[in-house]
Amino acid sequence: MLWANASWFEEKQFDQTVGVAKHKEKHSLDSTVKYVYLSFDDGPLFGTSSCIDICEQENIKATFFQIGFHQSRSKWGRKLYQRILDQPNLFLLTNHSFSHTYGDYLKFYHQPDSALEDFKQAAQVLNTKNNIVRLPGNNGWSTASIHSTSKLVRPLVHKLDSAGFDVVGWDVEWRYTKSGRPIQSPERMAFIVDSMFQHNENRTKNHLIVLMHDHMFRKPEDSIKLVQFVQYLKYGNKYQFALLDQYPGLKNQGINNF
Ligand SMILES: [Zn+2]
């Protein structure tokens, strides 16, 4: 699909300016607070409903990097997508491309023009209200303050950057097995989070982004691990959960106070 709507970006930016002004009153960042950003990738998929349910039950904020193709191929996918949009105080929906490369990472990144179109197509399908994107299978970054890319993805990241997107990766990943089940225990993940804050190993001091994948939590015996992880993080009120549009140094945001 060709990207034909030239006015799209101005409209998005206008929307966002209004959104940010509202946001600012509600969520001023505090430089003494430690922020955790939970992010779930690749939905809507099996597992997405567990992630939504758990975050609702625990009343914690989370960002969902969704795939346009997954959202648009079924009513079921659009329903999950809508559940996320229906709770703007708790959830943020962000762009994880339309195709997720269709499984051919090298081809995708070697054709940066069509890859950029793929992200724009996802922005249109998902109707995202922010300019945050995450690369498929790659921890590349390009915000106003962080630039970190491998050689493979650099041409695409430059194009995304010029088009006004913020490319946001992660600090720590809860990894999964070949059959899509969590590798580390929830205790281990909480320990890693504590330790990264303690040793200042995050990309941005006092801000830590956790990458997880929706499909890891599709089975009840695994979704309970997400509950446990969240409860460990909540224990003692050490951290504040935040949405990724609050992350400091995004190009198109004016919401951070330091
Ligand atoms: Zn992904």
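Ligands are counted one by one from 1 in listed order, and the atoms in each one are counted from 1 as well. Since the model is a prediction, treat every value here as computed from it, not as a measurement.
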**OP:** Give a yes/no answer: is there an N/O/S atom of H213 under 2.8 Å from the Zn ion (ligand 1)?
**Re:**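 Given the 2.8 Å cut-off, H213 does not count as a ligand of the Zn ion (ligand 1).
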Original post:
Does R218 make a cation-pi contact with F46, if we ask for NZ or CZ under 6.0 Å from the ring centre and within 45° of the axis?
Top reply: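 No, cation not above the ring by the 6.0 Å, 45° rule.
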Original post:
OD1 (D42) to the Zn ion (ligand 1) to NE2 (H96): angle, nearest 10 degrees?
Top reply: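 Nearest ten degrees: 90°.
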Subject >> Given M189, R188, Q184, E187, the one that forms side chain to side chain contact (heavy atoms under 4.5 Å, CB included) with F229 >> reply: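 Exactly one pass, corresponding to M189.
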Original post:
Side chain of R134, backbone of H96: donor and acceptor closer than 3.5 Å?
Top reply: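 Looks like no, no N/O pair under 3.5 Å.
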**OP:** Keeping the roles fixed (side chain from S39, backbone from T63), state whether a donor-acceptor pair exists under 3.5 Å.
**Re:**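 Between the backbone of T63 and the side chain of S39 there is no qualifying donor-acceptor contact (under 3.5 Å).
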Original post:
What N/O/S atom of H100 gets nearest to the Zn ion (ligand 1)?
Top reply: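 Result: NE2.
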